2 protein chains.
Amino acid sequence: MKSVPLYQAKAEMFRLLGHPVRIRVLELLSERPMPVRDLLTAIDVEATGLSQHLAVLRRSGMVTAQREGPTVVYALAGGGVANLLVAARTLLTQMLVGRNELLNELLAEAGAP
Amino acid sequence: MKSVPLYQAKAEMFRLLGHPVRIRVLELLSERPMPVRDLLTAIDVEATGLSQHLAVLRRSGMVTAQREGPTVVYALAGGGVANLLVAARTLLTQMLVGRNELLNELLAEAGAP
DNA sequence: CCACCAATTGAAAATTTCTGCAATTTGCTA
DNA sequence: TAGCAAATTGCAGAAATTTTCAATTGGTGG
């Protein structure tokens, strides 16, 4: 039964998140469930491109889709996504700060060699 | 100055994590700093391939490298990475559970249609 | 100094992922 | 029921990533 190593499942999950459009979608959905039309106006992407990315997220089980009349409403499948996005923001901050410190050191060296 | 939108920076960060070898490296380093040689015995990858992935992580500022005599010791650059990996495990669990529930529903349907 | 081990680099080949187009599906309403 | 809007699908070309190979650097012991 056991087929995919855990670290590979993790990598695949992160890869899912590794696209600007999909990140935007998840961020928007972490505020509230939303029809495709709203996502489309909020994100700079063609309808067909958005559909592709939504399909990726749907297949992974990270979001759910539900048809409501003429529109389809998407929602996050669970709270875990929002948590991960928060952790990501924290790490990103650290990384950017780290870079900035390095940059400052380089500038200091250049100023007074 | 402000050049890259935040959601794109996030996507790039996730993309960094989207590879099995890089995930393994970060998990191992979250236990303790480690020379390349140890990573090499723990992960199923060629030395040259590992170097490529280490270079990716280094350039991003997620890990640091320090030469100690004949070997190079790598370490996580900050605690944020470890936190993110924990959040990832949680989300992955949720996703797998969600899938399992869906699977069970399908099996139930098939059993008593 | 030379030979060797650890690790890295650069670049081409192989693979994966993205984008954009044409065509289709679904539900509503005139 | 014909027509329209909302979404999706399948696919081909373009773009990005990964793998692999040959060559190189840094450090150490003989």
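Below, chain A is the first sequence line, B the second, and so on; all start at residue 1. The model shown is predicted, which means the values in this text are computed figures rather than measured ones.
Following chains of ILVMFWY side-chain contacts shorter than 4.5 Å, one cannot reach B:Leu6 starting from A:Val86, and the two form parts of different hydrophobic clusters. Residues B:Met34 and B:Val73 fall into different hydrophobic clusters, defined by Ile, Leu, Val, Met, Phe, Trp and Tyr side chains chained together at heavy-atom separations under 4.5 Å.
The CG-P distance, from B:Leu39 to C:dA6, rounds to 14 Å in whole Å. Here C:dA6 presents its P atom at 17 Å from CE of B:Met34, a figure rounded to the nearest Å. Regarding A:Leu16, its CG atom lies at a distance of 16 Å from the P atom of C:dT16, rounded to whole Å. Look at CG on A:Leu40: it is 14 Å from P on C:dG20, rounded to the nearest Å. The CD atom of A:Glu46 sits 18 Å away from the P atom of D:dT9 (whole-angstrom rounding). Whole-Å rounding puts the A:Leu54 CG to C:dC18 P distance at 14 Å. Remark: P of D:dT18 and CG of B:Asp44 are 17 Å apart, rounded to the nearest angstrom. In this structure, CZ of B:Arg59 is placed 13 Å from C1' of D:dT18, rounded to the nearest angstrom.
A donor-acceptor contact under 3.5 Å is formed by the side chain of B:Gln52 with the base of D:dT20.
The side chain of A:Arg37 places no N or O atom within less than 4.0 Å of a non-bridging phosphate oxygen (OP1 or OP2) of D:dT8. For C:dT17, neither phosphate oxygen OP1 nor OP2 lies less than 4.0 angstrom from any side-chain nitrogen or oxygen of B:Arg15. Remark: A:Tyr74 is in phosphate contact with D:dT8, judged by side-chain N or O atoms under 4.0 Å from OP1 or OP2.
Screening A:Leu57, A:Val56, A:Val81 for a side chain to side chain contact (heavy atoms under 4.5 Å, CB included) with A:Val63, the sole residue that qualifies is A:Leu57.
One N or O on the side chain of B:Arg67 and one on the backbone of B:Gly69 form a donor-acceptor pair closer than 3.5 Å. In this structure, A:Arg22 contributes its side chain and A:Leu16 its backbone to a donor-acceptor pair below 3.5 Å.
As judged by a 4.0 angstrom heavy-atom cut-off over every strand, B:Thr71 is placed among residues touching the sugar-phosphate backbone only.
More than 12 heavy-atom neighbours from other residues, nucleotides or ligands sit within 6.0 angstrom of CD on B:Gln8.
Relative orientation of the A:Phe14 and B:Phe14 rings is parallel, given thresholds of 30° and 60° on the angle between their planes.
Annotation: of the two residues near DNA chain D, B:His53 and A:Val36, the 5′-most nearest-nucleotide partner is A:Val36.
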Taking protein heavy atoms under 4.0 Å as touching, what does nucleotides 22-30 of chain C look like 5' to 3' if B marks base contact, S marks sugar-phosphate-only contact and - marks none?
B----SS--
